Amino acid sequence: MNSSFDHVVFLSYPWFGSEGRRHHRLFLSMARAEKDSRILCVQRPLCSITSIFHRRREIIEWCMKKNRLIRILPNLFVYQPVTFLHDHMSQYISGINMLNRKMLSRQLLAVINDLGMKRFNLVSWISDPIQEDYVGLMKERVCIYDCFDDYFTYSNHNPLRSRTRLMLQEKCILKRADIVFVVSEELYKKKAKFSENVYTISNAADVVLFSKTSDPYTPMHSAILQISYPIIGMIGNLNQRVDFSLLRYIANSHPEWSVVIVGDWNGADQKLVKSGLIKQLKSMANVYWLGHQRFEELPKILKGFDVCIIPYTVEDPFNISCSPLKMYEYLATGKPIVSTDLPSVRTESELIRIGRSYSEFVEEIAAALDEKGEFLKEKRLELARKNSWDSRVQKIMSIIEEEVCRKENVGKT
């Protein structure tokens, strides 16, 4: 494998506090596998105007040259830049985008030089249509658009994020990017209409971490010790993508089961959070809310689950195009899994039970609780190993190398 590339990754969400998300796990794995490469993860820029009011501490630290550049691993860094105006607003004011671009380019080139990164062999990554202006910013050798969400199905759009404008920006990105990664076949169908270089790179699991669930030396989380068995549990962000009516149905149908919900209300509509449905769920004796848990603590919680569930709403357009991270993480535990009927899950229906209605979902949980022997567990662990972040890194690097070879051959003709 060619390890001559360095990477500049424009993050669409904060590095810190997002330990379970795609880019966090992907680039940690890449840094460990590609030790001769340097990876610079660039946080969303602070705004020199608005951040003074709602991110004052970060602006002060930036001005004092604190925490601008943080080393995560010997070859993995996180950098916090600052621009004149927030990118959500700058696109509406003539000339500000160009000013932002120049400010960002100057800062990043200084960091790249300080780190000794290979200017002639850079790979840049963007993952949000609003980052269109970053294409070509570093005069990169390869530009990658990593499309891991269907951005145009969000139900809680920022009013400054015009759906029409974002769609135009993405079309420009799809035409200009050398490589486009998507996480599902549904997204592939949509993006391949505008680009010939689209590849499916689904989400994956930190197999080493989540396989600790079945390690006899991994202790049970203290919160789980207080809950009676059998435990039917889910982990993940709590928002409108989750079918909370299904969770209520499960708890009502089998009061002898404990339904455990792990996660926080990340990006959730406050109407949902304060709804009667959630209030009812919180009042049920056999439903347990464990809130946000540190990523490294999840194996201790999953160790107590008898069945892991993916209760996503099948009508939600976002879910139709998603690649559930939790599916791969559950597989790495070896435990039985029951999911709603999602396109990305159907491909693994031999090892993941699918409930196509509320009653069938409950029936599949009951069947999973009766699962005997180690055969299915071993098959799930085997599938998880094939879908590790390390395996994704190998495939990604191979695609990058092929693209560089293609460009060189085109240049010779």
Side-chain angles (χ1 to χ4, degrees), residues 2 5-13 21-23 26-27 30 39 41-42 44 87 91 97 101 121-154 157 161-204 317-325 343-344 347 387 389 391-413:
N2 187 340
F5 304 109
D6 286 342
H7 302 260
V8 178
V9 184
F10 294 98
L11 300 173
S12 57
Y13 48 79
R21 300 190 70 172
R22 179 179 173 93
H23 278 180
L26 173 59
F27 290 106
M30 185 178 289
I39 302 171
C41 291
V42 183
R44 290 287 299 278
D87 51 12
Q91 57 191 314
N97 263 2
R101 185 179 165 90
N121 233 10
L122 286 179
V123 177
S124 73
W125 295 68
I126 60 175
S127 57
D128 189 311
I130 207 168
Q131 297 169 335
E132 178 203 353
D133 281 343
Y134 300 164
V135 178
L137 184 67
M138 297 291 98
K139 295 182 172 56
E140 61 271 8
R141 193 168 185 182
V142 175
C143 176
I144 295 173
Y145 176 40
D146 188 26
C147 181
F148 54 77
D149 279 338
D150 192 344
Y151 308 102
F152 311 117
T153 59
Y154 287 152
H157 264 308
R161 285 176 64 98
S162 161
R163 186 174 185 273
T164 301
R165 191 181 188 97
L166 287 172
M167 292 181 77
L168 289 173
Q169 288 177 306
E170 188 188 62
K171 284 182 181 178
C172 290
I173 291 170
L174 290 168
K175 290 178 182 177
R176 297 174 64 194
D178 300 296
I179 298 170
V180 178
F181 292 140
V182 294
V183 297
S184 68
E185 290 307 306
E186 296 297 319
L187 278 176
Y188 180 90
K189 294 173 189 175
K190 294 179 181 180
K191 309 311 173 187
K193 296 175 184 177
F194 305 100
S195 172
E196 297 178 354
N197 298 316
V198 183
Y199 303 85
T200 302
I201 303 290
S202 302
N203 283 323
F318 188 100
N319 290 338
I320 292 171
S321 298
C322 78
S323 171
L325 275 160
S344 294
T347 57
N387 288 279
W389 284 118
S391 69
R392 297 290 189 262
V393 168
Q394 291 178 7
K395 185 175 180 181
I396 285 169
M397 294 309 299
S398 176
I399 292 170
I400 293 173
E401 288 169 8
E402 288 175 8
E403 174 61 18
V404 169
C405 289
R406 185 194 68 78
K407 279 188 165 184
E408 289 178 348
N409 290 335
V410 169
K412 292 175 182 177
T413 58

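Computed over heavy atoms, backbone and side chain alike; hydrogens, waters and symmetry mates excluded. Note that this is a predicted model, so its numbers are computed, not measured.
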Side chain to side chain, [X] and [Y], heavy atoms closer than 4.5 Å:
X    : Y    : result
L168 : E132 : no
I144 : V123 : yes
E403 : I399 : no
Y134 : S124 : no
L26  : I396 : yes

- Message: Under a 4.0 Å threshold between the charged nitrogen and the carboxylate oxygen, would R22 count as salt-bridged to D146?
- Response: yes
- Between D150 and K190, does at least one N-O distance fall below 4.0 Å, as a salt bridge requires? yes
Taking [Y]'s backbone N and O only, do any of them form a donor-acceptor pair with [X]'s side chain (distance below 3.5 Å, no angle check)?
X    : Y    : answer
R176 : V135 : yes
N203 : P324 : no
Q394 : R392 : no
K139 : L122 : no
T347 : S344 : yes

- Using the six-membered ring wherever Trp is involved, compare the ring planes of F148 and Y13 and label them parallel, tilted or perpendicular (cut-offs 30° and 60°). perpendicular
- Query: Between H7 and F27, what is the ring plane arrangement, given parallel below 30°, perpendicular above 60°, and tilted in between?
  - Reply: tilted
Do [X] and [Y] get their side chains close enough for a donor-acceptor pair, meaning under 3.5 Å?
X    : Y    : result
E170 : Y145 : yes
E185 : T200 : yes
E186 : S321 : no

- Item | Y188 atom OH, over 12 foreign heavy atoms within 6.0 Å | no
